[in-house]
Amino acid sequence: MAEESCPVALSELCLAQVCLSLDSLCRTQPDGSLRLSWAPLLPQEMADQLLHKMAAQGTLNDRTVGIFRSCEQLRLRRACVRSSPLSAEAFRLALCPHRLQELDASGVPGGLTGAHILSGLASNPECRASLQRLTLSRLQLGWTSLEVKEEQVGFSSLQGLRTLNLANTDLTDPFLEDICTLPQLEVLDISSTPVTELSALLGCRLTLRSLTAHGLRQLDMSPARVISILSQLHALRHLDLSDDRFVSGDEAVRLLLEGGSGILPALVSLDVSGRKKVTEGAVTAFVEGRRGLLFLGLLATGAGSCDVLSGKNNLKVAGEANEKQICESLRRYRERECFTREALVHLYQLTNDMYDQTRPDILKLVLGGMQNYSKSLHVQLVASACVFNLTNQDMAVGMPHPLLSAVVHQVLEAMRSFPSHQQLQKNCLLVLCSDTILQDVPFDRFEAAKLVMNWLSGHVDRTLQRMAVAVISILVAKLSTEQTTQLGADIFIMKQLLGIVQQKAMAGVVDSTLKFALSALWNLTDETPTASRHFIQCQGLELYEEVLETYSSESSIQQKVLGLLNNIAEVEELQADMMQEDLLEHVVTLLQGPQVEVGVSYFAGGVLAHLTSRQDAWTLDQGLRQTILEQLHAAILTWALPEREMVSYRSFRPFFSLLQTSQPAGVQLWAVWAMHLVCTQNGVQYCHMLQVEGAVELLKTLSSDLDTHSNVRGMAESILGMVERHQTTSNPLRTQTEKGHHGRS
């Protein structure tokens, strides 16, 4: 089973729920921090996972981190507070009492510095010995405050450290010297720091196995001196000298590659990505001199096509020469925006030709780039283009839905973050314009509809307008009644869609944009009185009357127009606005006729049934009402059930007033014909809806009333029979006695 297809682990779900429920699970202390009201002794790994989950979900802060002051119940060993806003005091009280083995405090905002972290950890004698891995990347170290009780505190106070990551910090030469006195240091990352000298590394030449020195732009050493120092690091197995400035060559890198197997012969991993003009000859010589090499970083060097690389099955290469190298680049460089963008550019070119391949493995890598750099326009732009290439046409069909759901979430985030960038918005719309995504994949459709509507207001590009309206039309149809009501409360959306209809009607064109706009308006007004009121306020009735005149022979347009007018007619307070003889004349002409399709007649009948159902609200001539009722009854008797699905309903409640025994026969007949239609086409859904909403009792009352017209009674009894058969089918174990009793009740 693919990873994306696996269900979420129960422990993950429980931890996520705890994160969301902290307020109800905790009591607040006088200082504002939280403590768990009750907590069992959790397994140590579970405590680590809870802290990590809180950090990942953005719920970890000075207030919530207080729950970890209970060291007896929540024992931390591998702590992650990455990017969480913590103060020095909250960090000291909640985390420093634990016997930590690992700590990731990279990118922590809120004033917490490396100095605070070091002094807090050093205050716990157990931590001094137990801490093995420390990550402080993207953190202000604040060296001037590294004093506790007049005693200088440095990294060397943490004698158990084996792995230290200080990338993108203000690390200076004196503290690098302090670091290199650590007796067990094996892994060191000093990327993008202002260090100028590497001589201090000789202090750990017997233990250092991995050195990451990416982008050391203030290094003040001769290339020969750099290589001399590196060559004395006898334990070194992994070396990273890459640079995301894409510099035009580097003498130290050249000396390393061409220096023969005598320089760092035991290397198994070397990264020189971004070093322009690295020659294929130098790469060939380096690879051939090191049979144990397992990884080589060559992205943006131009040397990824070396013949020697294709013959090394155990050698992984991050580059751009082929799919394998590009994917390796996306995996390796998650923390380096520039390299991520470079790899995505090459991936986009590669995926232009992936028309018939479903590649969830590659899509997952693209998603990782989007998530890591959600605020980077450059990354989002090229990543969204890659997503479209990977999900276009039928390629989305075979993708795991959880993966597509996460991708759509990031696409919507990109639309929200860069609302004025047209190309990015176009890319995102192209991604959303997928039947699989719009119909089957779970995501926040309400938020998506709002974002697309907001974008539509400022753009007139016809192609993009068509896509946007298509997306909105499908999204609105998928919303709940509550969400549709909320969306319809914004009159701006109504104006935008009516503007598109007017623009198309004035030109007299019949295209997909017009049809999608009409469908969106139809769904937007479904059981939403506020949206229906906005429709009238925006002169929608006048516009729709013009549309009926303009498209007198276009049944697909007429059906969508009459469908919306049905929604308006269902709202009693708005029926007075529809008492216009000209409008009703147009509707009556579509009630029957040799050229009128049943779908058009059906919705015309619905408008007339609702408007004639309330005699006291009828403000036109009563003779006209009686004529309409007679024509409605006669027309319904001529309708044949359509072969394809013609209409769907969220609820039968708007029909309830039409089913009253006091209603004219034509009104009742339209309502029962509508119910009979949908129950025939989808009995499982609609027979259940009839029972749940109480419509069955109304039909029984109508059927038993002596004054009910025979046409209405026959249709009502047919519906009740379908409901009975549905019950029997859905519960085959019921006894004959039970079925008989149910039929008489």
Side-chain angles (χ1 to χ4, degrees), residues 562 565-566 569-570 572 575 578-579 584 587-593 596-618 620-642 646-647 649 651-681 683 686-687 689-691 693-726 743-745:
L562 292 169
L565 294 180
N566 257 274
E570 289 176 2
E572 290 187 357
Q575 290 175 351
M578 299 187 71
M579 295 295 173
L584 291 181
V587 177
V588 170
T589 59
L590 297 174
L591 189 57
Q592 59 184 329
V596 181
E597 294 185 5
V598 65
V600 175
S601 298
Y602 170 80
F603 288 110
V607 175
L608 298 174
H610 283 287
L611 293 181
T612 57
S613 66
R614 297 173 62 225
Q615 184 172 3
D616 57 337
W618 183 266
L620 302 176
D621 181 70
Q622 288 295 328
L624 174 62
R625 176 175 178 270
Q626 187 59 38
T627 300
I628 290 175
L629 286 169
E630 292 172 0
Q631 292 179 338
L632 175 61
H633 195 133
I636 294 172
L637 296 178
T638 67
W639 295 348
L641 288 177
M646 189 175 69
V647 65
Y649 289 106
S651 168
F652 285 131
R653 290 188 181 90
F655 289 48
F656 286 4
S657 63
L658 309 183
L659 294 172
Q660 301 303 313
T661 56
S662 59
Q663 288 287 5
V667 173
Q668 296 171 338
L669 187 59
W670 182 86
V672 293
W673 196 94
M675 288 179 165
H676 187 272
L677 169 66
V678 294
C679 287
T680 300
Q681 295 179 334
Y686 290 109
C687 287
M689 185 187 294
L690 284 170
Q691 294 174 287
E693 294 185 347
V696 169
E697 297 306 317
L698 287 173
L699 290 170
K700 289 179 179 178
T701 300
L702 197 60
S703 175
S704 61
D705 190 271
L706 296 178
D707 293 328
T708 298
H709 194 284
S710 59
N711 298 137
V712 177
R713 179 181 293 108
M715 192 73 72
E717 290 175 349
S718 178
I719 298 170
L720 291 171
M722 283 191 279
V723 172
E724 176 68 19
R725 288 192 295 275
H726 169 69
R744 294 193 299 271
S745 62

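In this text, all values refer to a predicted model and were calculated from it rather than measured experimentally. Hydrogens, waters and symmetry mates play no part in the numbers below; they use all other heavy atoms, side chains included.
Residues L641 and W673 are in side-chain contact: their nearest non-hydrogen atoms beyond the backbone lie under 4.5 Å apart. Side-chain contact check for L699 versus M675: some heavy-atom pair is nearer than 4.5 Å. In this structure the side chain of V598 never reaches within 4.5 angstrom of the side chain of T638, judged on heavy atoms. In this structure, the side chains of P664 and T612 stay at 4.5 Å or more apart for every pair of heavy atoms. With a 4.5 Å cut-off on side-chain heavy atoms, L698 and F655 do not count as touching. Within the 4.5 Å cutoff, no side-chain heavy atoms of Q668 are placed close to those of V672. Between F603 and V647 there is a side-chain heavy-atom pair separated by less than 4.5 Å.
Between the side chain of Q663 and the backbone N or O of S657, at least one donor-acceptor pair lies under 3.5 Å. Side chain of Q575 to backbone of A569: a donor-acceptor contact under 3.5 angstrom is found. With Q592 contributing its side chain and S601 its backbone, the two residues share no donor-acceptor pair below 3.5 Å. The closest donor-acceptor contact from the side chain of Q660 to the backbone of F656 lies under 3.5 Å. A donor-acceptor pair under 3.5 Å is absent between the side-chain atoms of D705 and the main chain of T701, judged by distance alone. Not a single donor-acceptor pair under 3.5 Å links the side chain of W670 to the backbone N or O of G666.
Separation of atoms CG (L632) and OG1 (T627) is listed at 12.5 Å; rounding is to 0.5 Å. To the nearest 0.5 Å, atoms CD (Q626) and CH2 (W618) are separated by 11.0 Å. Taken to the nearest 0.5 Å, the CE atom of M715 stands 12.5 Å off from the CG atom of L720.
Minimum heavy-atom separation, L658 to A671: CB-CB, 3.9 Å. Looking at every heavy atom in both residues, T589 comes nearest to V596 through O-CG2, 4.2 Å. In terms of heavy atoms, L624 sits closest to L620 at CD2-CD1, 4.2 Å. When all heavy atoms are compared, the tightest approach of R653 to E693 is NH1-OE2, 3.4 Å. In plain terms, the two heavy atoms of W639 and L591 that are nearest each other are NE1-O, 4.0 Å. Among all heavy-atom pairs drawn from M578 and L565, the shortest one is CE-O, 3.8 Å.
Here Y602 pairs with Y649 under the side-chain hydrogen bond (donor to acceptor under 3.5 Å, both in side chains) rule; sequence neighbours left out.
Within a 6.0 Å radius of CD in E597, other residues, nucleotides and ligands contribute 12 heavy atoms or fewer.
Among residues at least two apart or in separate chains, side-chain hydrogen bond (donor to acceptor under 3.5 Å, both in side chains) pairs with a member in residues 706-720 are H633-N711, H676-S718, S703-E717, H709-N711.
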